[in-house]
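Residue numbers start from 1 in every chain, and the chains themselves are labelled A, B, ... in the order their sequence lines are given, proteins ahead of strands.
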Protein chains: 2
Amino acid sequence: MTQKMNTEARREQIAGAALKLLAERGSEGFNIADLAQSVGLVPSAIYRHFEGREDVLDAALSVFRDKVYGLVEAARREAGNPLIALELLLTRHARLIESGGAVPHIMASMSAPEGHAARRAKTERIFRGYVARVEALVREGQERGQIRSDIDPTAAALLFAGMIQPAALLRHAEGERFDITAHAAQVWDLFRRAVARD
Amino acid sequence: MTQKMNTEARREQIAGAALKLLAERGSEGFNIADLAQSVGLVPSAIYRHFEGREDVLDAALSVFRDKVYGLVEAARREAGNPLIALELLLTRHARLIESGGAVPHIMASMSAPEGHAARRAKTERIFRGYVARVEALVREGQERGQIRSDIDPTAAALLFAGMIQPAALLRHAEGERFDITAHAAQVWDLFRRAVARD
DNA sequence: TTATGATGTGAATATGGATTCACATGGAGG
DNA sequence: CCTCCATGTGAATCCATATTCACATCATAA
């Protein structure tokens with residue numbers, strides 16, 4: 001029998017594994033059997049730790065949220081100023097996608113109008129939170145005079161949020177041939193030119 | 001009994017209805033029963049015109065492709081120059097989203113790594129085709145001197161493609177409160193500043 | 001007008017996946 | 001060292017959908 005673990009540790013392990021599967025296959029392709037297998041359990045065992053499928057997805061979303069918000073905060077902390085923070089953030093998103101983290105896929109897949117209303121609502125909340133954080137960076141950039149002040153921070157934040165999304169799609173389609181990191185650098189130039197003061 | 005139709009007309013009708021459902025609910029929520037109902041048929045009747053679910057989705061994708069490509073071509077045709085064409089295209093995307101056309105959702109939902117490989121491949125092909133068309137507009141803009149020539153057309157096209165996507169998400173989350181058209185105008189300003197020659 | 005094949009129907013059937021349940025077992029506290 | 005409960009297991013069961021099938025009916029063309 002698989003080693004027993006206390007439920008808290010198991011929950012985390014399972015939620016993490018679920019997020020990984022979600023990134024690989026989207027919510028449609030996500031199923032309990034594969035999830036169980038990926039943590040070395042039998043399907044029914046999942047129900048010792050979660051109410052059901054939706055509960056698992058909810059937990060995975062929480063992990064996702066912490067990861068993404070953490071990315072923003074780390075970028076802000078490590079960069080000397082908001083503009084650099086944004087650039088750093090973009091780079092890291094790119095790297096994440098490259099390594100299979102598939103952030104955009106998760107957002108898209110989970111927020112699609114299909115699933116449980118609660119799940120969708122949570123995804124949207126997460127997205128709004130993300131945008132709000134980027135927006136805060138933009139505002140700070142404006143206060144410091146790095147970013148033009150006639151720009152609507154929300155618009156800029158949404159533009160930023162959209163920068164890697166299509167690239168992730170292409171990356172998926174073209175595989176290794178498409179260099180996301182290089183692409184990120186190029187769109188960053190564009191973004192910078194759009195928002196930077198002079 | 002529901003009025004009989006020859007299969008070609010029925011196929012088109014069904015494919016169109018399928019696309020609409022897809023836009024509303026994503027591929028996960030899409031099912032034959034609802035599709036049949038939406039065209040006033042009984043589920044089994046669908047199989048008179050399609051091999052099965054995947055075949056329906058494939059047909060819906062074709063409709064989608066024609067619609068989207070048509071949008072690009074119409075914009076190019078109606079606008080005097082490539083830059084205006086891009087602006088027009090953006091505006092129309094916004095309007096489409098506003099009226100429930102949910103382009104980004106369809107792309108995301110259909111291309112998610114979940115489904116049938118063939119379906120995914122087709123979605124990606126469609127996306128690449130779209131990007132290629134936008135890219136062509138960018139190149140033309142460069143030739144005419146409207147767009148800076150040191151810009152990578154692919155990067156610009158992908159940036160463009162990503163401009164409305166996040167907005168669609170927000171729109172979904174915040175409902176009517178979020179004005180996509182206004183947002184489109186603002187990101188357009190940003191995009192223009194990023195790519196336009198001086 | 002009628003015969004015929006294409007379309008539509010409702011009732012099975014098939015299938016995949018989630019969920020439940022009775023039972024097994026290991027590990028932490030006594 | 002024992003006990004007992006949380007955790008793990010495998011075999012049902014349930015359920016939602018896709019799909020099939022035998023039968024009904026309409027459209028049309030000779």
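- Residue pairs meeting the ring-ring contact (aromatic ring centres under 6.0 Å, His included) criterion with at least one partner in residues 3-22 of chain A, sequence neighbours excluded, are absent.
- Without hydrogens or angle criteria, R133(B) side chain to G129(B) main chain gives a donor-acceptor distance under 3.5 Å.
- Checked by atom type and distance alone, the side chain of T2(B) pairs as donor or acceptor with a backbone atom of G40(B) at under 3.5 Å.
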Tabulate atom names and distances for all N/O pairs under 3.5 angstrom spanning the protein and nucleotides 12-15 of chain D.
none

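- Atom C1' of nucleotide dG8(C) and atom CE of M5(B) are separated by 13 Å, given to the nearest angstrom.
- Pairs of residues two or more places apart, or lying in two chains, that qualify as ring-ring contact (aromatic ring centres under 6.0 Å, His included) and include a residue from residues 67-98 of chain B are H93(B)-Y130(B).
- OP1 or OP2 of dG8(D) sits under 4.0 Å from a side-chain N or O of H49(A).
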Could you pull out all donor-acceptor pairs under 3.5 Å where a side-chain atom in residues 32-39 of chain A meets a protein atom, sequence neighbours excluded?
from, atom 1, to, atom 2, distance (Å)
D34(A), OD2, R25(A), NH1, 2.4
S38(A), OG, L35(A), O, 2.8

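- Remark: R10(A) is not in phosphate contact with dA6(D), judged by side-chain N or O atoms under 4.0 Å from OP1 or OP2.
- For residues 142-167 of chain B, the salt bridge (charged side-chain N to carboxylate O under 4.0 Å, His left out) pairs, not counting sequence neighbours, are E140(B)-R144(B), R148(B)-D150(B).
- We find the CG-CD distance between L88(A) and E78(A) to be 6.0 Å, quoted to the nearest 0.5 Å.
- By the side chain to side chain contact (heavy atoms under 4.5 Å, CB included) test, F127(A) is found to be paired with M107(A), V131(A), L158(A), A161(A), P166(B), L169(B), L170(B), residues two or more places apart in sequence or in another chain being considered.
- Applying the ring-ring contact (aromatic ring centres under 6.0 Å, His included) test to every pair with at least one member in residues 39-61 of chain B, sequence neighbours left out, gives no pairs at all.
- Residue pairs meeting the salt bridge (charged side-chain N to carboxylate O under 4.0 Å, His left out) criterion with at least one member in residues 177-189 of chain B, sequence neighbours excluded, do not occur.
- What separates CZ of F50(A) from C1' of dT7(D) is a distance of 14 Å, to the nearest Å.
- Pairs passing the salt bridge (charged side-chain N to carboxylate O under 4.0 Å, His left out) check and including a residue from residues 1-12 of chain A, sequence neighbours excluded, read R11(A)-D55(A).
- When the P atom of dC4(D) is taken as reference, atom CG of N6(A) falls 22 Å away, rounded to whole Å.
- Side chain of Q142(B) to main chain of I151(B): a donor-acceptor pair is present (N/O by atom type, distance under 3.5 Å, no hydrogens or angles).
- We find the NZ-CZ distance between K20(B) and F30(B) to be 13.5 Å, quoted to the nearest 0.5 Å.
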List, with names and distances, any nitrogen or oxygen atoms from the protein found under 3.5 Å away from nitrogen or oxygen atoms belonging to nucleotides 18-21 of chain D.
from, atom 1, to, atom 2, distance (Å)
dA18(D), OP1, I32(B), N, 3.1
dA18(D), OP1, R53(B), NH1, 3.4
dA18(D), OP2, I32(B), N, 2.9
dT19(D), OP2, Y47(B), OH, 2.9
dT19(D), OP2, R53(B), N, 2.8
dT19(D), O5', Y47(B), OH, 3.4

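- Taking atom CD on Q37(B) and atom P on dT17(D), their separation rounds to 13 Å, with Å as the unit.
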Tabulate atom names and distances for all N/O pairs under 3.5 angstrom spanning the protein and nucleotides 14-16 of chain C.
none

Would you tabulate the nitrogen or oxygen pairs shorter than 3.5 Å linking the protein to nucleotides 26-28 of chain C?
from, atom 1, to, atom 2, distance (Å)
dG26(C), N3, K4(A), NZ, 3.4

